[in-house]
Structures are given as C-alpha cells and as structure tokens.
Protein chains: 2
Amino acid sequence: MTKVTGEPANEVAAGPNEVAAGPGEVARGRRPSTSREDVARAALELFSRQGYDETTVDEIAAAVGVSRRTFFRYYESKSDAVWGEFDAELVRLGDRLHEAPDDEPMMEVLRRSVMATNRFGAGELDELRIRMGLISSVPDLVAHSAVRYEEWCDVVARFVARRIGASPDDLGPQTVARAALGAAMAAFACWARHDSDDLVGEVDRAFRLLATGFAEDRLHGGRA
Amino acid sequence: MTKVTGEPANEVAAGPNEVAAGPGEVARGRRPSTSREDVARAALELFSRQGYDETTVDEIAAAVGVSRRTFFRYYESKSDAVWGEFDAELVRLGDRLHEAPDDEPMMEVLRRSVMATNRFGAGELDELRIRMGLISSVPDLVAHSAVRYEEWCDVVARFVARRIGASPDDLGPQTVARAALGAAMAAFACWARHDSDDLVGEVDRAFRLLATGFAEDRLHGGRA
DNA sequence: GAATTTATAGCACTGGATGCCAAAATGGAA
DNA sequence: TTCCATTTTGGCATCCAGTGCTATAAATTC
C-alpha cells in the first residue's frame, strides 16, 4: 500500500490531529495523506451516486486511498462527513450575533445574521443542495442532524439570553432559539425540495413569518 | 430457559407481531412472553440506573427474560424503547387538531391541543421526566428523537396546510410546524431540567411567546 | 393426536465505531 | 549520515447494534 501522493501540505485545515502547523511554524512529522475536504468530497460523491446506506466507510476510505481506521481520524462518524465544515459557520453566526448593534431589534438581528451566514457562491450551491437533500431525507442523517442543530440552538440561545437578561436555559431564550431553528430548517427544506434558487429569500420569508406570530392573514401569500 | 410466565394474555397492545387479537377474537398460537410496556419499563430502569450507553440490548433482554433477538421484535431499536407509546399520542394530537372548530384561531387551536395531549397523571410524570431527561441529554437519543419529532411536525403541518389552504410542503405550514415543535421542545426541556411541576404551564407560556412573535418586552417575565 | 398459527431462541453475518500498537514518513539535531 | 522526536497511518482485535434465516416451543382448532 503506502500510496505516495506528494501533497502540497499547505492546506489551511490540515490533518486529523487538530493542531495543524500554525501560520509561521514549519510542519513536523509525517504529512497527512489527504484532507478533510477531500474525504468529504469523496463521501458526498458516493452518497449521491449509490445512496448513503449503500455506501460503507470502507468504500469511502478506499476512494481517497486511506484505510478505514484513518477515515475515523478525519471524521468522528460516517454521517459527520456530510456536514463538512459546519463548525466554522457556527462560529461565524455567533460572531455576527455578538457584533450586532444593541439598538437593532433582536429578531431583526437574528434574521439578518442567519441570512448572512447562508449566502453561498453559485459554485457551492449545487453541493449544498445535495447535502441538504441527504440530511433531510436519509433517516440516519436526519437523526444525526439533531446533534448539530442543538449546537446551533446553543449559539442563538446565548445571544437571546444576553439580549433579554436571562439564562440561556430559561424558557424565553430556549423557545426563541428552537423556533428560529425551525424557521431556518423550513426554509432549507423548501429550498432543497423545490427549484427555488433563492435560499436567502426563503430564510427571509420564514423569519418574517416567525416575527409576525403567524397571523393567519400573512400566511397565505407564501409562494409568489 | 423457556420461562413459563403465565401471562393473562388480555393486554391491549399485545405481542410483537402487530395484529394482536381483536376485541372479541380469541388469541391463537403461542402467547407473547412479555409486553412492550414491560420491556420499556425494564429498559428505562437500566438506563436511568447505569446510563444509556452503558446498557446493552442483551442486558435489557435478560432483564425481561427474553433473548436479544426477541427484544428487536418488540422495538425496532434500542432507542425506540425510550419512546414507549409515542405513536398513540401522535394520533390523539392529530384528532384534536382535526376536530377543532374552524372559527377558533389557528395558533389557539395549536396551543390548546398540544397542552391537552400533555396532561399526564401524577403517576406518569416521574417516568416522563426520566424519559425526557434521557432524550434531551444522551446524544444517541437526541439524534433518534429527530425522527420522531419529524412525524410530529408532519401532523401539525397538515393541520396548518388545511387551515390556510396550502400544501403541507410549502414554506408557511413547514415554518409554523417546526417553530411549534421548537416551542414544545423548549417547554419540555425547561420542565425536565428545572423543578417546575407544571408541564402544561410551560407549554402554555412557550406557545404564547410564539404567538407574540417574540416582542422583546414580553420575553422578560419568563419565570414567575 | 395432527395441523395450523404465533412467538421465541439461537446462530451467522454485516457494518459502524474504538483502543492499541507497530510501522511509515518527515524535520531537526548530533 | 545517523539517530531522535514527532505525527500520521495501517492493521489488527474487539464491542455492539441490527437483520435474515431456521428450527423449535407453545397455543388453538379440527
């Protein structure tokens, strides 16, 4: 085996062992034979071609030329590979919420921040649609998504708690956070299923509905 | 082995093979050696005592005196045992929503129906708290919960769709349903964590918040 | 008692996930 | 160059959830 690939080794998010060589530092030790991105790409390709359940971790590992054991050093689980760099987006959302001016209404900040974190380039949108399609249709991924969405909720709940002066565990922040998650999920699901090319627009509409308290007369004009 | 239990065999929700003998019919063939309820009880007891991950299916099966293979005839998965008779409650919620008068505001119906399906007797509350505690803290169960909650959302989305004359897949119904789920989950989580004995009250408060669109001035008086 | 029906036990097998250790690859120092 | 520290990898061996298959046990009906 021992496939000699000769990678550039200058990747930003490098090897599995977290502490990739910092900005100025020089990389020591053996270089990773692949990257998280490559693994995710290979996995996604197999999933969308032959199905999630029909793809084994061994196949994914083989596709990127590493052993099964090594796959689990890049991603904790098979389902994690579908989520790619979700953690980074979570940080971005948290930053946006934190940096918003205090005089802007809470639900406005929330809506605009979620919209902002979901502006993707045309190139990324196709892949994202495949991702979201899988996440919302394959039972195993639907299940795993709950864990990731919980992290999303935590970020929002902390923001709301700070705004209204309460604990993130209290009913208010929890309700706002989980309802906001619901709105975002609805927007994503509708965007992924229909041919609506306007993801941010769907998010916008969903959050505006949420802010009206679902007054029945506003609910009708959903789809232009 | 072959534990001879001598069950009454008149249980309502009987054996694993679905079609339990109807009202007047006589039970044919070998009688189930245990019941879904007994399995769930044994499982819950082990989970709360030694932890979910630390309990194997073999142990649960042994506790009720059946083989490992038989456990999976009563419940599809280890996590399903925690949910008990959730399906029945779903039907009840659907019925309530369907039977509500058309002139009652949609969000009112929703709030009152969810509250009604969550009125439990004092005896059931302790067990329910253990259940919800597990469901919202053990990652494996958090994950699996998403699948069950999706069914809940479907019921609500169908109701909303009928009310506003849209498809259950449209943005409106989806947003309302998922936001409502969020409110319900927040209420449950707060009730399970704190010592609030008033589950229905938490649900009430959460849904009232939802109906206000989270106007910031209403969010402060969360905890009496 | 024989046939039929239903539930069970037990076995084999797949596949995800984890712990452990030896081997490979790389940079730096002696 | 040679040795050493560092990091990633491969290949077990192992555990456990979940499934398909088959033989057997218990119960009713004829």
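In the text below, chain A, chain B and the rest are named by the order of the sequence lines, each starting its count at 1. What you see is a predicted model, and the numbers here were worked out from it, not measured in a lab.
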### Query
Excluding sequence neighbours, so at least two apart, what forms side chain to side chain contact (heavy atoms under 4.5 Å, CB included) with B:Asp87?
B:Arg148, B:Glu151

#### Entry: Rounded distance (Å) that lies between atom P of D:dG11 and atom CZ of A:Arg73
11 Å

### Between D:dT6 (P) and A:Arg28 (CZ): distance, integer Å
6 Å

### Query
Is there a donor on the side chain of B:Arg69 or the base of D:dG18 sitting less than 3.5 Å from an acceptor on the other?
no

#### Entry: Listed nucleotide nearest any side-chain atom of A:Arg30, set D:dT8, D:dT29, C:dT8
D:dT8

### Summary
From the candidates C:dT6, D:dT29, C:dT26, the one with an atom nearest any side-chain atom of A:Arg31 is C:dT26

### Query
With the threshold set at 4.0 Å, does a side-chain nitrogen-carboxylate oxygen contact exist between A:Asp197 and A:Arg129?
yes

### Ion pair check, B:Asp38 and B:Arg41, cut-off under 4.0 Å
yes

#### Entry: For B:Phe86, all residues meeting ring pair (Phe, Tyr, Trp, His ring centres under 6.0 Å), sequence neighbours excluded
B:Trp83

What pairs of nitrogen or oxygen atoms, one from the protein and one from nucleotides 15-17 of chain C, lie under 3.5 Å apart?
from, atom 1, to, atom 2, distance (Å)
C:dG16, OP1, A:Lys78, NZ, 3.2
C:dG16, OP2, A:Val57, N, 3.4
C:dG16, N7, A:Arg68, NH2, 3.0
C:dA17, OP2, A:Lys78, N, 2.9
C:dA17, N7, A:Arg68, NH2, 2.7

Whether [X] contacts [N] is assessed here as follows: a side-chain N or O lying under 4.0 Å from the phosphate OP1 or OP2. Is that the case?
{"X": "A:Ser33", "N": "D:dT9", "result": "yes"}
{"X": "B:Tyr74", "N": "C:dT8", "result": "yes"}
{"X": "A:Ser67", "N": "D:dG10", "result": "yes"}

### Query
B:His98 side chain to B:Gly94 main-chain N or O, any donor-acceptor pair under 3.5 Å?
no

### Task
Measure from the side-chain N and O atoms of A:Tyr149 to the backbone N and O of A:Met185, and report whether any donor-acceptor pair falls under 3.5 Å.
no

